[in-house]
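The next block holds one structure in the form of structure tokens; read it before the comments.
Note on naming: letters A, B, ... go to the chains in the order of the sequence lines (proteins, then strands), and numbering restarts at 1 for each one.
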2 protein chains.
Amino acid sequence: MESRIDTIKQQLQSQGYKLTPQREATVRVLLENEEDHLSAEDVFMLVKEKAPEIGLATVYRTLELLSELHVVQKLNFGDGVARYDLRGDSSKHHHHHLICVQCGTMQEILDDWLGPLEERLAQEYNFHVLDHRLDFQGICNKCQEKESKQGQ
Amino acid sequence: MESRIDTIKQQLQSQGYKLTPQREATVRVLLENEEDHLSAEDVFMLVKEKAPEIGLATVYRTLELLSELHVVQKLNFGDGVARYDLRGDSSKHHHHHLICVQCGTMQEILDDWLGPLEERLAQEYNFHVLDHRLDFQGICNKCQEKESKQGQ
DNA sequence: ATCCGTGCAAACCCTTTGCACCGGA
DNA sequence: TCCGGTGCAAAGGGTTTGCACGGAT
């Protein structure tokens with residue numbers, strides 16, 4: 001964990017940015033909640049527990065900065081708020097989402113199923129893929145059970 | 001085209017809604033620009049040409065209504081505005097997007113490459129897929145050419 | 001007379017920005 | 001003394017909502 005902070009510190013410094021206490025607190029929150037997809041507000045509230053004097057604007061600025069440096073990935077599930085995901089190892093950033101339209105939960109699929117498609121895109125469409133996003137909307141496990149129980 | 005309006009009219013009426021002049025004008029704009037992914041503002045401006053007295057709120061309400069009835073699909077490319085797509089035939093709604101991060105253009109792929117994946121999801125994750133979205137971010141054909149010319 | 005649908009403007013929410021201030025090089 | 005980074009509050013942009021009006025049933 002400390003090593004990952006160091007890595008990020010170096011990424012910042014290599015571009016002329018500092019790992020300020022506020023930025024470090026923000027990064028730590030992201031590291032500690034790596035499984036979630038936190039919104040800026042989520043991050044803000046969690047950071048406030050450690051560093052109560054921090055401002056929301058700083059969190060936004062930090063997330064924006066980390067996003068530009070590709071330390072985090074900005075996600076958008078269409079619910080009106082941006083969410084932020086640490087890009088761990090390069091292998092981790094290719095994942096997909098199952099979004100339940102009933103209960104709103106979101107599950108991740110860590111496999112990357114799109115490698116072959118990206119090749120096909122390069123060949124057929126001359127499109128150089130930098131990133132992709134694959135989200136499925138549907139009804140999750142639990143909501144299906146609930147439905148069938150309530151139904152009859 | 002008239003037949004498609006009729007179909008939509010029936011979809012509305014079956015749920016107790018009317019195809020008002022404003023709604024019809026909105027639907028016609030969507031039909032006439034089926035290839036594009038119009039934002040609410042886009043639709044508003046185009047509808048205004050035909051029905052200058054219409055209000056933006058009505059357009060939003062109409063698009064929301066059509067979205068609930070699955071006449072249109074609300075899309076979100078992460079650029080901060082919702083976009084709306086007519087769901088033509090069932091075959092048409094499964095498509096993917098190539099979004100160029102340099103020039104912002106968006107190209108559609110009409111193939112549906114995800115059929116097998118959806119089956120796999122149902123089996124492995126017990127997730128009932130209603131819809132999906134697959135967007136690729138990258139550099140398009142033309143921007144690649146520009147880059148290589150400018151580069152050296 | 002009721003009620004859905006509308007236009008307008010205000011409210012809303014998330015996000016960005018202007019500005020004065022601080023603290024390290 | 002710079003200058004990047006910060007907190008605060010205000011502004012911004014897209015979207016939603018409250019409200020009174022109008023038109024169809």
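- Ring geometry, A/His132 versus A/His96: the interplanar angle falls from 30° to 60°, so the pair is classed tilted.
- The separation between B/Leu56 atom CG and D/dG14 atom P is 10 Å, rounded to whole Å.
- When heavy atoms are screened at a 4.0 angstrom cut-off, A/Glu41 is found touching no nucleic acid atom at all.
- Side-chain atoms of B/Asp6 and B/Ser3 form no donor-acceptor pair, as typed in the model, at a separation below 3.5 Å.
- A/Arg61 contributes a side-chain N or O that forms a donor-acceptor pair with the base of D/dG7 under 3.5 Å.
- Put simply, A/Thr20 has a side-chain N or O that comes within less than 4.0 Å of OP1 or OP2 on D/dT6.
- Other residues, nucleotides and ligands contribute more than 12 heavy atoms inside 6.0 Å of the OH atom of A/Tyr125.
- For the pair B/Glu64 CD and D/dT16 C1', the interatomic distance rounds to 10 Å; values are reported in whole Å.
- Distance B/Met45 CE to D/dG14 P: 11 Å, rounded to the nearest Å.
- Note: CD (B/Glu68) to P (C/dG5) measures 12 Å, nearest angstrom.
- To the nearest angstrom, P of D/dT6 lies 12 Å from OH of A/Tyr17.
- Rounded to whole Å, atom P of C/dC8 lies 10 Å from atom CD1 of B/Ile54.
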A/Gln15 and A/Glu68: CA distance, side-chain angles, deciding distance, side chain to side chain contact (heavy atoms under 4.5 Å, CB included) verdict: CA-CA 11 Å; A/Gln15 305 290 318; A/Glu68 281 168 21; over 6 Å; no

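- Taking atom NZ on B/Lys18 and atom P on D/dG22, their separation rounds to 16 Å, with Å as the unit.
- Each of A/Glu53 and B/Lys74 was matched to the nucleotide of DNA chain D holding its nearest heavy atom; the match closer to the 5' end belongs to A/Glu53.
- Between A/Tyr60 and the phosphate of C/dT16, there is no side-chain N or O to OP1/OP2 separation shorter than 4.0 Å.
- Residue-to-nucleotide proximity on DNA chain C shows that, of B/Lys48 and B/Arg23, the 5′-proximal contact is made by B/Arg23.
- One distance of note links CD1 of A/Ile5 with CG of A/Leu30; it measures 9.5 Å at 0.5 Å rounding.
- In the model, A/His70 has no side-chain atom that pairs as donor or acceptor with a side-chain atom of A/Gln11 under 3.5 Å.
- Relative to the side chain of B/Ala82, the nucleotides D/dA9, D/dT15, D/dT17 differ in distance, and D/dT15 lies closest.
- Note: CG (B/Leu63) to P (D/dG14) measures 15 Å, nearest angstrom.
- A/Thr58 has a side-chain polar atom (N or O) that falls below the 4.0 Å cut-off from OP1 or OP2 of D/dG7.
- Computed from C1' positions of five pairs at each end, the angle between the two local axes of the helix from C/dA1-D/dT25 to C/dA25-D/dT1 equals 0°, rounded to 10 degrees.
- Put simply, the side chain of A/Gln144 gets close to the backbone of B/Asn126: a donor and an acceptor are under 3.5 Å apart.
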